[in-house]
Visitor: 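First, the structure itself, so that you have it in front of you.
Start at 1 and go down the list; that is how both ligands and their atoms are numbered.
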Amino acid sequence: MKVLKFGGTSVGSPERMKSVSKLITDGTQQIVVLSAMSGTTNNLVEIADYYKKGNDDGASNLISALEKKYAGVIEGLLNTQEYRDKAAAIIARECDVVRSFAHKPFSIQAEKMILARGEIMSTNLVQLYHEENNISSVLLNSLDFMIVDADGEPVLSEIETRLKKVLSQYANTTLFITQGFICTNDKGEVDNLKRGGSDYSASLIGAAINAEAVEIWTDIDGIHNNDPRIVKDTHPIAEMSFDEAAELAYFGAKILHPSTVLPAKVKNIPVLLKNTMQPQAKGTIITNKTTGTGVKAIAAKEGLTAIKIKSGRMLLAYGFLCRVFEVFEKYKTPIDLITTSEVALSLTIDKTDYLAQITDELKKLGTVEIDKDQTIICIVGNMIAEEQGHAAEVLNALKDIPVRMISYGGSEHNISVLIDNANKEKALIALNDNLFK
Ligand code: ADP
Ligand code: ASP
Ligand code: MG
């Protein structure tokens, strides 16, 4: 069995939904994970934001606009009045869930309930299209099996047990459709895998059922060697290793949710990235094989915070790093990049919810400096941190840009540097010009 995931643009219009339906009805057994239609999750975020600000009218106007948009989608997707009525009833039901949070104190849980509507609507619409056209498929509710723990981390063993139980009820079914992104948390509430999380849903499902492959279908022909939104003339990379792809996804390549690669890597399941608009294009295949030489790709993750801790006592003091890391562990804040010298330690974090508390505690260990608005540029390629010359190439390309940190040697296929957000575009273009031309 394969798992195929289609992103927002891939289900972004009635025509696109029909194309997806063609791609998934080749008779092979598959679980198809769908995102919300493009724009919908952003709309829902905006609606939740109106509630948060106490502007129920603002929310109400946006809900009406959303309902109207879906009325158009229904008309383009379905032909018979019977199915159009069924679809309209589902959209009305979902919009009513969103409306039910008016005149109530705002809560994070309300926001999660609101955000979940997008995937519920898109999957129901595709399922209704199948029913109307006598295409056999079963709609699974991902809230029944996609389980996260108290820290929001998916519990693969639980997902596996629940999903297998669900699937066992449909022995003769070849095509399953389910929602990406949404899940159930340890309190039994609706939750999500964070923005872009449908990719992660797909790889978790793939790992849970030991799928033969996980295919991520999107609006571009695979992972490109640089961010195509910023750099011109980028090209797709045919093959990548799990580790290379994981670094790129984690450090900013928007095409993959940062955690997508891990479940597939653990179960050694190939991940294929494909273009829905150009299904014949080769795309990118991610496996456990490392191939090629030199720099393969570059990504950037912005909005990070750099923290420097200087301590005279670090000199020869074993246990110092441990005490620093304990602070981050206490506040459940992952560290991205680290560099050390004899008297100081610099590191970066993405999650700043507890920055004030972390800073207070670190001040007990040394002098603390904080720099906000930092960007990690991640340069990935097979053995680039072992073969001679690549570090020089990278630093030479960045000679006109102030570099705040350099991380080299952590893994053999990655070099990372930290710069100001303001220099991100300049750095990506300079690296592109120097490393790929
Ligand atoms: P989906 O809605 O299908 O999940 P996303 O918008 O999340 O799609 O991801 C696809 C987009 O990622 C592409 O349209 C592209 O602009 C962007 N992107 C950023 N970096 C890369 C990269 N290195 N390779 C390919 N696409 C990238
Ligand atoms: N719909 C969600 C989002 O826009 C999840 C996803 O598309 O992957 O973030
Ligand atoms: Mg995405």
Side-chain angles (χ1 to χ4, degrees), residues 4-13 16 19-20 23 32-46 48 111-112 114-123 142 146 178-183 190-205 214-238 240 244-260 271-278 281 283-284 286 295-302 377-381 424-425 428 431-432 436:
L4 276 70
K5 175 258 170 176
F6 292 87
T9 327
S10 303
V11 291
S13 67
R16 296 251 63 90
S19 309
V20 165
L23 282 168
V32 173
V33 177
L34 301 182
S35 291
M37 296 182 77
S38 54
T40 295
T41 311
N42 286 346
N43 289 153
L44 294 169
V45 167
E46 222 181 326
E111 183 172 32
K112 287 175 176 172
I114 292 169
L115 259 57
R117 301 305 116 195
E119 272 69 11
I120 295 175
M121 293 196 288
S122 64
T123 47
S142 62
M146 191 54 72
T178 194
Q179 302 84 19
F181 182 56
I182 61 175
C183 58
V190 173
D191 212 316
N192 63 63
L193 299 173
K194 312 273 172 345
R195 293 305 303 271
S198 296
D199 302 330
Y200 197 20
S201 304
S203 68
L204 287 163
I205 292 173
V214 172
E215 298 184 1
I216 308 283
W217 288 78
T218 181
D219 58 1
I220 190 164
D221 53 349
I223 300 185
H224 278 219
N225 64 324
N226 208 327
D227 192 329
R229 295 165 300 176
I230 295 173
V231 177
K232 274 191 240 133
D233 303 328
T234 58
H235 59 258
I237 300 161
M240 294 203 104
E244 289 167 344
E247 301 266 16
L248 278 184
Y250 188 73
F251 288 116
K254 193 201 170 212
I255 184 165
L256 275 183
H257 177 281
S259 307
T260 309
V271 177
L272 196 59
L273 283 106
K274 294 283 285 177
N275 188 347
T276 319
M277 321 326 164
Q278 256 178 281
T284 301
I286 306 168
V295 174
K296 243 180 226 175
I298 302 166
K301 180 173 176 179
E302 67 182 332
I377 306 269
C378 167
I379 299 118
V380 157
K424 176 181 134 181
E425 292 193 8
L428 286 178
L431 285 164
N432 210 59
F436 297 122

Visitor: Say whether Asp199, considering both its backbone and side-chain N or O atoms, lies within less than 3.5 Å of an N or O atom on ligand 1.
Guide: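 It does not: no N or O of Asp199 is found under 3.5 Å from an N or O of ligand 1.
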Visitor: Measuring from each atom of ligand 2, which residues have a heavy atom under 4.0 Å away?
Guide: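 For ligand 2, the residues that come within the 4.0 Å heavy-atom cutoff are Ser35, Ala36, Thr41, Glu119, Phe181, Arg195, Gly196, Gly197, Ser198.
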Visitor: Which residue holds the protein heavy atom closest to atom 4 (O) of ligand 1, what is that atom called, and what is the gap in Å?
Guide: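 That would be Lys5 NZ, 3.0 Å.
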Visitor: For the residue pair Ser122 and Ala36, what are the closest heavy atoms and their distance?
Guide: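 Shortest heavy-atom contact: OG-CA, 3.9 Å.
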Visitor: How far does CD1 of Ile286 sit from CG of Leu272, to the nearest 0.5 angstrom?
Guide: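 With rounding to 0.5 Å, CD1 (Ile286) is 8.5 Å from CG (Leu272).
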Visitor: For atom 25 (C) of ligand 1, tell me which residue out of Gly196, Ser198, Gly222 has the closest non-hydrogen atom.
Guide: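 Going through Gly196, Ser198, Gly222 one by one, Gly222 has the nearest heavy atom to atom 25 (C) of ligand 1.
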Visitor: Return yes or no for this condition: an N or O of Ser10 is under 3.5 Å from an N or O of ligand 1.
Guide: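 In fact, backbone or side chain, Ser10 has no N or O that close.
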Visitor: Sequence neighbours excluded, which residues qualify as salt bridge (charged side-chain N to carboxylate O under 4.0 Å, His left out) partners of Glu244?
Guide: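 With sequence neighbours excluded, Glu244 shows a salt bridge (charged side-chain N to carboxylate O under 4.0 Å, His left out) to Lys296, given in chain and number order.
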Visitor: Could you tell me which residues satisfy side chain to side chain donor-acceptor pair (under 3.5 Å) with Thr276, sequence neighbours excluded, listed by chain and number?
Guide: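 Counting only residues at least two positions away or on another chain, Thr276 forms a side chain to side chain donor-acceptor pair (under 3.5 Å) with Ser10.
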Visitor: What are the atoms of ligand 1, with element, lying closer than 4.0 Å to any heavy atom of Ile223?
Guide: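 That gives atoms 24 (N) of ligand 1.
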Visitor: Can you tell me how the ring of Trp217 sits relative to the ring of Phe6, calling it parallel under 30°, perpendicular over 60° and tilted otherwise?
Guide: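 It falls in the parallel class, under 30°.
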Visitor: Considering only non-hydrogen protein atoms, determine which one is nearest to atom 6 (O) of ligand 1 and report residue, atom name and distance to 0.1 Å.
Guide: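 So the nearest neighbour among protein heavy atoms is Lys254 NZ, 2.7 Å.
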Visitor: Should you measure from each heavy atom of Gly7, which atoms of ligand 1 turn up under 4.0 Å away?
Guide: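 Selected atoms, number and element: 1 (P), 2 (O), 3 (O).
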Visitor: In ligand 1, which numbered atoms sit nearer than 4.0 Å to a non-hydrogen atom of Ile220?
Guide: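 Listed by number with element, the hits are 13 (C), 25 (C), 26 (N).
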Visitor: Give the minimum heavy-atom separation between Glu119 and Leu34, together with the two atoms involved.
Guide: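 Scanning both residues, the minimum pair turns out to be CG-O, 3.5 Å.
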Visitor: Strictly by modelled atom types, are His224 and Asp221 linked by a side-chain donor-acceptor pair under 3.5 Å?
Guide: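 Looking only at side-chain atoms, Asp221 and His224 do form a donor-acceptor pair, the distance falling under 3.5 Å.
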Visitor: Of the side chain and backbone of Ser38, name the one, both, or neither that has a heavy atom under 4.0 Å from an atom of ligand 1.
Guide: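 Neither; no heavy atom under 4.0 Å.
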Visitor: Considering only non-hydrogen protein atoms, determine which one is nearest to atom 21 (C) of ligand 1 and report residue, atom name and distance to 0.1 Å.
Guide: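 Residue, atom and distance for the closest contact: Pro228 CD, 3.4 Å.
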Visitor: What heavy-atom pair brings Tyr250 and Lys301 nearest, and what distance separates the two atoms?
Guide: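 Taking every non-hydrogen atom into account, O-CD, 3.3 Å.
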Visitor: Compare every heavy atom of Leu115 with every heavy atom of Thr41, then report the nearest pair and how far apart it is.
Guide: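 Thr41 and Leu115 have their closest heavy atoms at CG2-CG, 4.4 Å.
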Visitor: Would you please test Lys5 and Val214 for side-chain contact (heavy atoms from CB on, under 4.5 Å) and show each step?
Guide: CA-CA 8 Å; Lys5 175 258 170 176; Val214 172; 6.0 Å; no
Visitor: On a heavy-atom basis, I'd like to know which of His224, Arg229, Met37 is closest to atom 23 (N) of ligand 1.
Guide: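 That would be His224.
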Visitor: Which of these, Thr218, Asp219, Ile255, has its nearest heavy atom closest to atom 13 (C) of ligand 1?
Guide: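 Of the listed residues, Asp219 has the closest heavy atom.
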Visitor: Would one find an N or O of Gly8, backbone or side chain, under 3.5 Å from an N or O of ligand 1?
Guide: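 Min N/O separation from ligand 1 is below 3.5 Å for Gly8.
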Visitor: Identify, with sequence neighbours excluded, every residue that meets side chain to side chain donor-acceptor pair (under 3.5 Å) alongside Asn226.
Guide: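 Counting only residues at least two positions away or on another chain, Asn226 forms a side chain to side chain donor-acceptor pair (under 3.5 Å) with Asn432.
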Visitor: Calculate, to the nearest 0.5 Å, the distance between atoms CG and OH belonging to Asn192 and Tyr200 respectively.
Guide: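 Between Asn192 CG and Tyr200 OH, I get 12.5 Å after rounding to 0.5 Å.
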Visitor: At the 4.0 Å heavy-atom cut-off, does Asn226 count as touching ligand 1?
Guide: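 A heavy atom of Asn226 does come that close to ligand 1.
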